[in-house]
*Asks:* 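Starting off with a structure, shown below.
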Amino acid sequence: METMDEQERRAEWRRRKLRRERRKKISIIAFSVIVIVGAAAAIIVSLNGGKGGMSGSGNKKGNVQVSENTNGNVGESQPEETTPPADARTSAIALANRTAAMYDYDKAIEMVKAMEGYDSDSELQQLVAGYETKKGELVPWTDMASVTHIFFHSLIKDTSKAFGDKVAANEKDGYNEYMTTIDEFNKIMQSMYDKGYVIISLHDLVKETTDENGNKVFVQNDALMLPPGKRPFILSQDDVCFYHYMDGDGFATKLVLDENGRPTVEYKEDDGTITTGNYEMVPLIEAFVDEHPDFSYHGRKGILALTGYDGVLGYRTDPEYKDINSPHLVEDQVQFLKDNPNFNWDEEVAQAKIVAQGLKDNGWEFASHTWGHIHCGSSPMDRLQADTQKWEERVVPIIGATDILIFPHGEDFGDWHQYSSDNERFNFFKQHGFNYFCNVDGAKYFVQIFGNYVRTGRRNVDGYRMYDAIVHPESEWFTDLFDVNDVFDKARPVPVPGVVI
Ligand SMILES: [Zn+2]
């Protein structure tokens, strides 16, 4: 019943939730891009691609079916009319070069050919010739079963706070186990870039098409084109909601867009002032891809998995916040409203929508992490139904629909075998538009592409797993990605709780 759900949720809340991702399973998704290049004027190009199809198997098992379809689209806004032609040309070329660096040579060629005077401009024609040459060097990545998917939780901006004495012991343990520090994250991304990894979307694994009944069908994507030596990976982040319980513990507080429409985050300093900067995964990846556009396939960035009970992206958008007397509000939420007497729910929702669109425009995708962070494998069906209704009514209007479900607590509703046709939970989520499912799995690869859904495991790159990799080097948890002894933050208390030594 709804009431029981709420009670259960509140009880769990009061226990202070950190034991979230149970380190077992999870999932992913996919893509869309926008690149903003600023010069005197900004040119915005949005690249969007959809893929489709394949069947794969990780180190477990897979099955295959076929179908195909590709889609992509591009949007371009022209330089402002006041922009001097020379700057417009420079900006357009810079944008085309950036697009080409992201391996989207077709788009880059299209962009240059669309420039004024192309037919009589040898410089532009040489540019296109260069793109054609580079495009000819690409090879299709055909081993979708060997695409790894890694995920993070909130990044720790200030370790002295997260691991400090002002944080309750159980929370400190939780941060130590489940979170990753900014220093660690930066080292991991640099290492993966150096090893040739490139961010793709979950949707890039497959081509999507429809059968005669209008149902989506997935087959392996045979047109994921990368240069030899590069290899794709999928990146996601869970619980990008900036929960109340993390306030003051050394984490960013909300996602915002900067003056150029680029995603960044706010951070509340000790004296209460708000600063913005690269204090979270989103802006860190934005900055890294700015410097290394070849780290992003066609502008893909990552998947942000959201719940809804505390709102999304740091905005308190759940309708319960409209009434401080709502019996469904929990202590932290009521306190937030008391601390912010001028809170305007409509304005909050409006801002969240703008930021969500800005994220999508910059290549980020969203996944459902369920509204209430519920157990998808063990919660009663009526709870799944009630929760999904809240997701659809309270979150989808802000971020748009998504077909990716990232299991909270990593709790899948099936083992590694293909979901059976009588799997009630799978069928339920399929009916609600979900086609991509991601659990948590320590294995390097866990990719399944069946005709009617795609599933991946995800590797938790957190304090728990990294410390385990250090004390059990034979596990080789991360040897394909980075040197854990170099990455592991010395600011962490050790041993990290939960790791069996
Ligand atoms: Zn979670």
*Asks:* Looking at G358 and P263, what are the two nearest heavy atoms and their distance?
*Replies:* O-CG, 4.3 Å
*Asks:* S154 and Y243: side-chain donor and acceptor closer than 3.5 Å?
*Replies:* no
*Asks:* Please round to the nearest 0.5 Å and tell me the distance separating atom CD of E392 and atom CG of D387.
*Replies:* 10.0 Å
*Asks:* Short question: side chain of E286, backbone of R262 - any donor-acceptor pair under 3.5 Å?
*Replies:*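 Answer holds: no.
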*Asks:* Quick one: NZ on K230 to CG on L224, what's the gap to the nearest 0.5 Å?
*Replies:* 13.5 Å
*Asks:* Excluding sequence neighbours, so at least two apart, what forms salt bridge (charged side-chain N to carboxylate O under 4.0 Å, His left out) with D489?
*Replies:*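 Applying salt bridge (charged side-chain N to carboxylate O under 4.0 Å, His left out) to D489 gives none.
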*Asks:* Tell me, do I354 and L257 make a side-chain contact under 4.5 Å, heavy atoms counted?
*Replies:*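 The answer is yes, as the side chains (C-beta and beyond) meet within the 4.5 Å cut-off.
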*Asks:* Is there a donor-acceptor contact under 3.5 Å linking the side chains of Y175 and D462?
*Replies:* no
*Asks:* To the nearest 0.5 angstrom, please state how far the CG atom of N221 sits from the CE atom of M144.
*Replies:*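 Going from CG on N221 over to CE on M144, the span is 4.5 Å.
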*Asks:* Do T181 and D183 have side-chain atoms, one donor and one acceptor, less than 3.5 Å apart?
*Replies:*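 Side chains of T181 and D183: no pair found under 3.5 Å.
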*Asks:* Taking the side chain as everything from C-beta on, heavy atoms only, tell me whether L205 gets closer than 4.5 Å to I200.
*Replies:* yes
*Asks:* Kindly compute the distance separating CG (N176) from CZ (F163), expressed to the nearest 0.5 Å.
*Replies:*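 CZ of F163 is found 4.5 Å from CG of N176.
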*Asks:* Once rounded to the nearest 0.5 Å, what's the spacing between atom OH of Y297 and atom CD1 of I199?
*Replies:*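 Here the rounded value is 14.0 Å.
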*Asks:* Indicate yes or no for a side-chain donor-acceptor contact from R394 to the backbone of E320 under 3.5 Å, with no hydrogens or angles considered.
*Replies:*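 Flag not set: sc R394 to bb E320 has no pair under 3.5 Å.
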*Asks:* How close do T99 and M111 get, heavy atom to heavy atom, and via which atoms?
*Replies:*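 Smallest interatomic distance, heavy atoms only, reads OG1-SD, 3.7 Å.
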*Asks:* Decide, yes or no, whether a salt bridge links D290 with R98 under the criterion of side-chain N to carboxylate O below 4.0 Å.
*Replies:* yes
*Asks:* Side chains of V461 and V487: does their closest heavy-atom pair fall under 4.5 Å?
*Replies:* no
*Asks:* For the residue pair I398 and K353, establish whether any side-chain heavy-atom pair is separated by less than 4.5 Å.
*Replies:* yes
*Asks:* Using the rule salt bridge (charged side-chain N to carboxylate O under 4.0 Å, His left out), only one of D441, D480, D468 pairs with R459; which is it?
*Replies:*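 One option only clears the test, and that one is D480.
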*Asks:* Roughly how far apart are Y105 OH and M225 CE, rounded to 0.5 Å?
*Replies:*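 If I round to the nearest 0.5 Å, the distance is 11.0 Å.
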*Asks:* Given 3.5 Å as the limit, does a donor-acceptor pair link the side chain of R316 with the main chain of D310, or not?
*Replies:* yes
*Asks:* For the residue pair T317 and G311, what are the closest heavy atoms and their distance?
*Replies:*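 Scanning both residues completely, I find the closest heavy atoms to be OG1-CA, 3.3 Å.
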*Asks:* Can we call the ring centroids of F434 and Y453 under 6.0 Å apart?
*Replies:* no
*Asks:* With no hydrogens and no angle check, is any side-chain donor or acceptor of K301 less than 3.5 Å from a backbone partner on I285?
*Replies:*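 No, because the side chain of K301 does not come within donor-acceptor range (under 3.5 Å) of the backbone of I285.
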*Asks:* Does the side chain of D294 come under 3.5 Å of the side chain of Y193 through a donor N or O and an acceptor N or O?
*Replies:* yes
*Asks:* Salt bridge or not between D165 and K172? Use side-chain N to carboxylate O under 4.0 Å.
*Replies:*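 Salt bridge between D165 and K172, a charged N being under 4.0 Å from a carboxylate O: yes.
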*Asks:* Is the ring centre of F478 less than 6.0 Å from the ring centre of F488?
*Replies:* no
*Asks:* Between the side chain of N344 and the main-chain N/O of D346, is any donor-acceptor distance below 3.5 Å?
*Replies:*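 Checked: pair present.
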*Asks:* Would D158 and K161 pass as an ion pair if we require N to O under 4.0 Å?
*Replies:* yes
*Asks:* Looking only at heavy atoms, what is the nearest atom pair of T370 and L405, with distance?
*Replies:* CG2-CD1, 4.1 Å
*Asks:* Counting C-beta onward and ignoring hydrogens, is there a side-chain heavy-atom pair between D318 and Q333 closer than 4.5 Å?
*Replies:* no
*Asks:* Check for a donor-acceptor pair, side chain of H369 on one end and backbone N or O of T307 on the other, with a separation under 3.5 Å.
*Replies:*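 No, the answer is negative, given that no donor and acceptor are paired below the 3.5 Å cut-off.
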*Asks:* Looking only at side chains, do Q237 and W364 share a donor and an acceptor under 3.5 Å apart?
*Replies:* no
*Asks:* Side chains of V349 and Y315: does their closest heavy-atom pair fall under 4.5 Å?
*Replies:*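 A side-chain contact is absent here, since even the closest heavy-atom pair is not under 4.5 Å.
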*Asks:* For the side chain of H373 and the backbone of Y309, is there at least one donor-acceptor N/O pair under 3.5 Å apart?
*Replies:* no
*Asks:* Quick one: does S368's side chain get under 4.5 Å of V395's, heavy atoms only?
*Replies:* no
*Asks:* I need the single residue from F482, Y279, F288, F152 that forms a ring-ring contact (aromatic ring centres under 6.0 Å, His included) with F185. Which is it?
*Replies:* F152
*Asks:* Please check if any side-chain donor atom of Q190 sits under 3.5 Å from a side-chain acceptor atom of N186, or the reverse.
*Replies:* no
*Asks:* Using only atom types and a distance under 3.5 Å, with no angle test, would you say the side chain of W477 pairs donor to acceptor with the backbone of T479?
*Replies:* no
*Asks:* Taking T253 for its side chain and E266 for its backbone only, find out whether a donor-acceptor pair lies under 3.5 Å.
*Replies:*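 Judged by distance alone, yes, a pair lies under 3.5 Å.
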*Asks:* Report yes or no: do E331 and Q335 form a side-chain donor-acceptor pair below 3.5 Å?
*Replies:*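 E331 vs Q335: no donor-acceptor pair found between side chains.
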*Asks:* Is the ring centre of F151 less than 6.0 Å from the ring centre of H153?
*Replies:* yes
*Asks:* Checking the side chain of S379 only, and the main-chain atoms of L384 only, is there a donor and an acceptor separated by less than 3.5 Å?
*Replies:*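 No; zero donor-acceptor contacts below 3.5 Å.
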*Asks:* Validate the cation-pi geometry between K360 and F366: distance from NZ or CZ to the six-membered ring centre under 6.0 Å, angle to the ring axis within 45°.
*Replies:*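 Pair K360/F366 does not count as cation-pi.
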